[in-house]
There are 2 protein chains.
Amino acid sequence: MWLPIRIDEQRPEPLYHQIEVQLRGLILGGQLQEGTMLPSIRELAVGLKCSAITIRRVYQDLENEGLIRTRQGTGTFVAGVETSVRDEHRLERASEELERALEAGLQLHCTFDELEGLFRDLIRRKKDSKEGSS
Amino acid sequence: MWLPIRIDEQRPEPLYHQIEVQLRGLILGGQLQEGTMLPSIRELAVGLKCSAITIRRVYQDLENEGLIRTRQGTGTFVAGVETSVRDEHRLERASEELERALEAGLQLHCTFDELEGLFRDLIRRKKDSKEGSS
DNA sequence: TATAGTGTGTATAACAATATACACACATGA
DNA sequence: TCATGTGTGTATATTGTTATACACACTATA
């Protein structure tokens with residue numbers, strides 16, 4: 001099993017948090033359905049080039065949130081999530097990220113129009129590259 | 001001397017980095033002119049409710065980047081920066097932040113249009129609150 | 001029951017943040 | 001001119017967090 005998770009060593013944010021955010025997104029975004037068996041902590045650790053302990057922490061945290069269930073000796077599985085919870089999470093998280101970027105831009109003395117233009121350009125470029133690759 | 005820097009204890013990102021990013025932005029953004037004396041490490045530490053050592057690290061890192069100059073027993077001062085460097089930094093950093101947010105949104109299965117709409121709404125709301133407070 | 005897969009617990013190293021004590025520069029006044 | 005007080009940056013030791021390696025326990029299956 002492979003998961004579309006990417007970590008950035010350059011970011012000062014701790015590894016476990018980067019992984020948590022993305023895995024949480026995959027579950028709440030609906031890409032991983034209830035009952036799906038996740039990769040073993042070792043397997044994912046190799047894939048992400050980090051230690052198994054770090055993955056263990058991620059799984060433990062997400063289990064405490066009720067998003068996954070882990071059974072010793074067997075594996076780790078995606079738990080069931082209410083649809084309403086999923087939708088709410090999706091928009092809320094996206095807004096949070098955008099707002100953070102907006103704040104950063106304003107602090108850099110960019111104008112509202114500059115930022116809106118920059119964002120539109122980024123989206124256009126991303127759209128094109130996506131179509132080109134598919 | 002007061003600096004418009006705010007730190008967020010909730011973020012997993014280390015304190016010194018949050019402060020560095022913002023202070024670097026103030027210098028490269030042109031809000032702090034060459035020769036300006038920055039607050040003492042103690043003063044800024046009190047203002048940001050963190051330790052003086054953390055501020056020391058920030059000043060030290062920025063000095064290694066050549067953005068500030070520190071003289072023992074005297075204080076810490078803003079160094080000169082080329083205008084071209086400033087402008088480049090400004091747009092580059094803003095784009096980086098926006099792209100990060102865009103990536104996060106896409107990973108949450110938002111559509112391009114959804115994200116563009118969300119961002120426009122955020123900007124409108126921000127504009128309104130800014131006008132209201134000024 | 002042997003074995004190979006899984007998650008779990010303990011000990012260790014590196015890093016972040018802090019408190020505390022120290023060294024230097026400069027203004028002030030004898 | 002020199003002592004000294006108050007500001008500045010600097011160095012060391014301590015605590016908590018993050019990431020790791022290694023040994024252990026549980027589960028499934030041949």
Side-chain angles (χ1 to χ4, degrees), chain A residues 1-3 5-24 27 32 35-79, chain B residues 1-3 5-24 27 32 35-79:
Chain A
M1 167 118 200
W2 177 85
L3 294 178
I5 292 178
R6 288 194 307 180
I7 62 184
D8 182 355
E9 293 282 356
Q10 304 311 311
R11 298 271 308 159
E13 188 183 345
L15 288 182
Y16 82 90
H17 188 263
Q18 295 186 37
I19 302 170
E20 263 184 41
V21 166
Q22 296 183 58
L23 183 50
R24 191 183 294 115
I27 296 173
L32 295 173
T36 304
M37 181 172 174
L38 294 174
S40 76
I41 56 179
R42 277 174 256 262
E43 186 183 348
L44 186 51
V46 170
L48 298 181
K49 293 184 175 60
C50 71
S51 153
I53 312 299
T54 303
I55 305 299
R56 182 165 112 74
R57 166 158 188 184
V58 171
Y59 281 3
Q60 210 162 30
D61 287 351
L62 293 183
E63 177 163 36
N64 289 339
E65 291 180 31
L67 292 182
I68 64 183
R69 251 179 44 192
T70 160
R71 284 185 301 193
Q72 178 166 336
T74 307
T76 305
F77 304 85
V78 177
Chain B
M1 168 114 200
W2 176 85
L3 295 178
I5 292 179
R6 288 194 307 179
I7 61 184
D8 182 356
E9 293 282 357
Q10 303 310 311
R11 298 274 307 159
E13 191 181 345
L15 287 183
Y16 80 89
H17 188 264
Q18 294 185 40
I19 302 170
E20 264 184 40
V21 166
Q22 295 183 60
L23 182 50
R24 191 182 294 116
I27 296 173
L32 294 173
T36 304
M37 181 172 174
L38 294 174
S40 77
I41 57 180
R42 278 174 256 263
E43 187 182 349
L44 187 51
V46 170
L48 297 180
K49 294 185 174 63
C50 71
S51 151
I53 312 299
T54 303
I55 305 298
R56 181 166 116 73
R57 165 155 190 185
V58 170
Y59 282 4
Q60 209 162 30
D61 287 351
L62 292 183
E63 177 163 34
N64 289 338
E65 290 180 31
L67 293 181
I68 65 183
R69 251 180 44 193
T70 161
R71 284 185 301 191
Q72 179 165 341
T74 309
T76 305
F77 304 84
V78 176

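Every chain is numbered from 1 and lettered A, B, ... according to where its sequence line falls, protein lines coming before strand lines.
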> Are Glu9(B) and Lys49(B) close enough, and set up right, to give a salt bridge (Lys or Arg N to Asp or Glu O under 4.0 Å), and what steps lead you there?
Replying inline: CA-CA 10 Å; Glu9(B) 293 282 357; Lys49(B) 294 185 174 63; over 6 Å; no
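A 4.5 Å side-chain heavy-atom check between Leu3(A) and Leu23(A) finds at least one atom pair inside the cut-off.
The side chain of Leu15(A) lies closest to dA19(D), out of dA17(C), dA19(D), dA21(D). Of all nucleotides listed (dA28(D), dG7(C), dA16(C)), dG7(C) comes nearest to the side chain of Tyr59(A). The nucleotide whose nearest atom lies closest to any side-chain atom of Gln72(B) is, among dA17(C), dC26(C), dC24(C), dC24(C). Checking dT18(D), dG9(D), dA17(C) against the side-chain heavy atoms of Pro14(B) singles out dA17(C) as nearest.
Thr54(B) has no side-chain polar atom (N or O) that falls below the 4.0 Å cut-off from OP1 or OP2 of dA16(C). Side-chain nitrogen and oxygen atoms of Ser40(A) include at least one within less than 4.0 Å of the OP1 or OP2 phosphate oxygen of dT6(C). Phosphate contact (OP1/OP2 of dA16(C), side-chain N/O of Arg57(B), threshold under 4.0 Å): present. For Arg56(B), a side-chain nitrogen or oxygen approaches OP1 or OP2 of dT10(D) to under 4.0 Å. Taking 4.0 angstrom as the limit, Thr76(A) places a side-chain polar atom (N or O) nearer than this to OP1 or OP2 of dG7(C).
A donor-acceptor pair under 3.5 Å is absent between the side-chain atoms of Glu20(A) and the main chain of Leu62(A), judged by distance alone.
Taken from CD in Gln22(B) to CZ in Arg6(B), the straight-line distance is 8.0 Å, to the nearest 0.5 Å.
The CD1-P distance, from Ile55(A) to dT8(C), rounds to 14 Å in whole Å.
Heavy atoms of Arg42(A) sit under 4.0 angstrom from at least one base atom.
Taking the nucleotide of DNA chain D with the nearest heavy atom to each of Ile53(B) and Gly73(A), the more 5' of the two is matched to Ile53(B).
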